[in-house]
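Here is the structure we will look at.
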Amino acid sequence: MHFIDLHRQYDVIGDSVKQRIEKVLSEKLFIMGPEVLELEDELAEFTGRKYCLTCSSGTDALVIPLLAFELLKTDAVFVPSFTFFATAESVNIAGATPVFVDCDETYNIDPKKLEEAIIKTREQGKLTPRGIIPVDLFGLSADYDKIDIIAKKYDLFVLEDAAQGLGGEYKSRRNCSFGDVSATSFFPAKPLGCYGDGGAIFTDNEKLYEKMRSIRVHGQGLSRYDNVRIGMNGRLDTIQAAVLLSKLEVFKSELLAKNKIALKYTENLNGSFKVPQIPEDCFCAYAQYSLLAKNERQRNDIVEGMKQLNIPIMVYYEVPMHLQTAYKYLGYSKGDFPVCEDFSRRIFSLPMHAYLTDNEVEDICKTIKTF
Ligand SMILES: *Cc1c(COP(=O)(O)O)cnc(C)c1O
């Protein structure tokens, strides 16, 4: 069994993928070919954003907007501690300093603790609060109404990290439409994955869009050899765009299929484990279906035991950001963020993709209940 089954997906989309890649191979416009622009148009429409800018990875989709904000080392960007490393790392790459915040029972940044962290940072006076990067962890939107109020109150930018969130919804708005700018990833295992690395950035702000477009290609100005700022080589290639156009054709039905599977998991496992807490006004993209075990020992028994039964279980995330070696220099210690530290000891994720059969779901539930 696969944790995310790209083989079964390929059985469905393979012909379309081959056709589109063949077209790219015959036209040979490998960089910024027509598929890239077509994909950007489709994604802008899908998310309800004015502008979409594809790029080379989810990490670069975070770095490019942060570079556009022209941050200083003394600028603080507030980031959940319970996330993938790239959320925080992008802040450092852009030259600023991440300030970590604990999560709540949705696994997303806790708005109350976010405001406390902003106030504390202002009082300490070493760093200047500049922005927030909420993460749509496991496919569930962060609480954007509350985050927007805080961002306005303290004059902070909001960069939505929707690397796991594309396809999810919050109060009838799709993820990648929140805050000043949003980032997603097309890493193969994400909700919408390509066959390599890729990402996209979304905004409604024309000036920001133009600046990020320039950063994406070496700080380009009016022409190719006019460089007006320091940028990078951050483009998505045409073959990956072709793959994504094929995957977009089945994306909505995959999201619905994953939600049906999540419902079955939850019906079966509620009571045995803590199931995902999805607020009523949210639609989850289910990048992961994550459960909490009673304690660390039960979690580790499950991970080991299920592996032996050929059912892959993953742990996202074993080490919160504030306890990562790379962030030792920030001076955090164990106990600083008790909620995410507790989750990191008890959390585990079940196989989750649109092509799981009813029998497989039942089998997984039955097996896991024996632990
Ligand atoms: C995967 C991921 C990223 C980085 O995306 P890449 O395409 O792997 O660079 C950033 N943030 C989160 C929350 C992610 O899950």
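We use all heavy atoms of the structure for the numbers below, so side chains are in, but hydrogens, waters and symmetry mates are not. For ligands, and for the atoms within them, numbers begin at 1 and follow the listed sequence. Fair warning: this is a prediction, and the values are worked out from it, not measured in the lab.
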Counting from 1, what ligand 1 atoms have a heavy atom of Thr83 closer than 4.0 Å?
13 (C)

Mind checking whether Gly58 has an N or O less than 3.5 Å away from an N or O of ligand 1?
yes

Heavy-atom distance under 4.5 Å between the side chains of Lys18 and Ile21, does that happen here?
no

Numbered in order shown, the ligand 1 atoms found under 4.0 Å of a heavy atom of Thr87 are 11 (N), 13 (C)

Tell me if a side-chain donor or acceptor on His2 pairs with a main-chain N or O of Ile4 at a distance below 3.5 Å.
no

Under the salt bridge (charged side-chain N to carboxylate O under 4.0 Å, His left out) test against Glu40, which residue among Arg49, Arg213, Arg216, Lys50 passes?
Arg216

Step through it carefully: locate the ring centre of Phe46, locate the ring centre of Phe251, and say whether they are under 6.0 Å apart.
yes

Heavy atoms only: which of Ser185, Ala88, Ala61, Ala162 is nearest to atom 8 (O) of ligand 1?
Ser185

Donor-acceptor pair, distance only, cut-off 3.5 Å: does the side chain of Asp60 make one with the backbone of Ser56?
no

Taking atom 11 (N) of ligand 1 as the reference point, the nearest protein heavy atom with its distance:
Asp161 OD2, 2.8 Å

Close N or O approach (Gln164, ligand 1; < 3.5 Å)
yes

What's the shortest distance from atom 14 (C) of ligand 1 to any protein heavy atom, and which residue and atom give it?
Lys190 NZ, 2.9 Å

Does the ring-ring contact (aromatic ring centres under 6.0 Å, His included) test come out yes or no for Tyr107 and Phe138, once each step is laid out?
CA-CA 8 Å; Tyr107 304 123; Phe138 305 148; 5.4 Å; yes

Note: Asp60, heavy atoms under 4.0 Å from ligand 1, region reported as neither

Considering the heavy atoms of Val135, write down every atom of ligand 1 situated less than 4.0 Å from one of them.
13 (C)

Which bit of Thr59 is near ligand 1, meaning a heavy atom under 4.0 Å away: side chain, backbone, both or neither?
both

Side chain Ser272, main chain Lys369, donor-acceptor under 3.5 Å
no

Any chance you could lay out the ring-ring contact (aromatic ring centres under 6.0 Å, His included) test for Phe178 and Tyr170, step after step, and finish with the verdict?
CA-CA 9 Å; Phe178 300 102; Tyr170 172 90; 5.6 Å; yes

Nearest non-hydrogen contact to atom 3 (C) of ligand 1 from the set Tyr317, Phe82, Phe138, Phe84 belongs to Phe84

